[in-house]
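If you read the sequence from its start, that first residue is 1, and numbering goes on from there.
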Amino acid sequence: MAGVIQKFVAASLFMWITPVAILYAFNNNLLPGASDMSPYSLTLLSGFLAVISVNMVIAFYIYMAMKEPSDKHKPDPAFLAEAKASVSQPTGEADSSSQSSKKEE
């Protein structure tokens, strides 16, 4: 469970840090050729690259989740038994609601 949380935290940090770093680099002329661009083009390109970077982080996170072995996670047997028992129990709500609708008619 700790590995899943670590991956989630890392992906969340990268989803914040990467686009902010891209926008900062473009707005402070840290990238070569950025100072030659018009303000409109600079804003458009930096925003586009920031959005693409977030999507790349999300895609990488999904890839890492799909690569994780499925047999690694086994449900708790007690929880499974309790869930199966609760699903197989009939609920009294359906019977009482049908009886109340018959009374109204």
Side-chain angles (χ1 to χ4, degrees):
M1 185 64 147
V4 173
I5 293 173
Q6 285 178 335
K7 289 177 187 176
F8 176 73
V9 169
S12 297
L13 286 175
F14 277 112
M15 281 197 306
W16 280 94
I17 292 171
T18 308
V20 170
I22 289 172
L23 293 173
Y24 181 82
F26 270 97
N27 290 333
N28 292 311
N29 297 326
L30 298 177
L31 299 174
S35 59
D36 300 334
M37 298 173 71
S38 70
Y40 175 77
S41 298
L42 186 69
T43 302
L44 191 64
L45 182 61
S46 65
F48 179 73
L49 288 177
V51 169
I52 293 298
S53 71
V54 170
N55 285 317
M56 287 176 59
V57 170
I58 292 171
F60 185 71
Y61 181 72
I62 291 171
Y63 170 74
M64 293 300 290
M66 297 292 283
K67 199 172 102 170
E68 196 168 297
S70 62
D71 61 343
K72 184 178 172 182
H73 306 289
K74 298 288 183 191
D76 183 27
F79 174 77
L80 223 88
E82 186 178 322
K84 286 180 182 178
S86 69
V87 169
S88 64
Q89 289 179 353
T91 58
E93 295 174 5
D95 295 335
S96 64
S97 64
S98 63
Q99 289 175 357
S100 63
S101 64
K102 289 179 182 178
K103 288 180 184 177
E104 290 176 6
E105 292 174 355

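- Other members of the cluster containing Phe79 do not exist, because no ILVMFWY side chain is joined to it at under 4.5 Å.
- Through side-chain heavy atoms spaced under 4.5 Å, either directly or across other Ile, Leu, Val, Met, Phe, Trp or Tyr residues, Phe60 is tied to Tyr63, Met64.
- Every residue meeting the side-chain contact (heavy atoms from CB on, under 4.5 Å) condition with Leu30, not counting sequence neighbours, appears here in chain and number order: Tyr24, Ala25, Asn28.
- Atoms CG and OG1, from Asn27 and Thr43 in turn, are 6.5 Å apart once rounded to the nearest 0.5 Å.
- Pairs engaging residues 6-27 under the salt bridge (charged side-chain N to carboxylate O under 4.0 Å, His left out) rule: Lys7-Glu68 [sequence neighbours left out].
- Here the OG atom belonging to Ser35 is positioned 11.5 Å from the CZ atom belonging to Phe26, to the nearest 0.5 angstrom.
- Hydrophobic clustering (ILVMFWY, side-chain heavy atoms < 4.5 Å, transitive): Leu42 and Leu45 are in one cluster.
- Taking Val87 as the reference, nothing meets the side-chain contact (heavy atoms from CB on, under 4.5 Å) condition, with sequence neighbours excluded.
- Val54 belongs to a hydrophobic cluster whose remaining members, ordered by chain and number, are Phe14, Met15, Val57, Ile58, Ile62, Met66; membership requires side-chain heavy atoms of ILVMFWY residues under 4.5 Å apart, directly or through intermediates.
- Note that OH of Tyr61 is 7.5 Å distant from OG of Ser12, once rounded to the nearest 0.5 Å.
- Residue Ser46 comes nearest to Ile22 through the heavy atom pair O-CG2, 3.9 Å, listed as atom of the first residue, atom of the second, then distance.
- Summarising the geometry of Gly47 relative to Leu23, their closest heavy-atom pair is N-CD2, 4.1 Å, with the distance given to 0.1 Å.
- In terms of heavy atoms, Pro19 sits closest to Ala50 at CB-CB, 3.7 Å.
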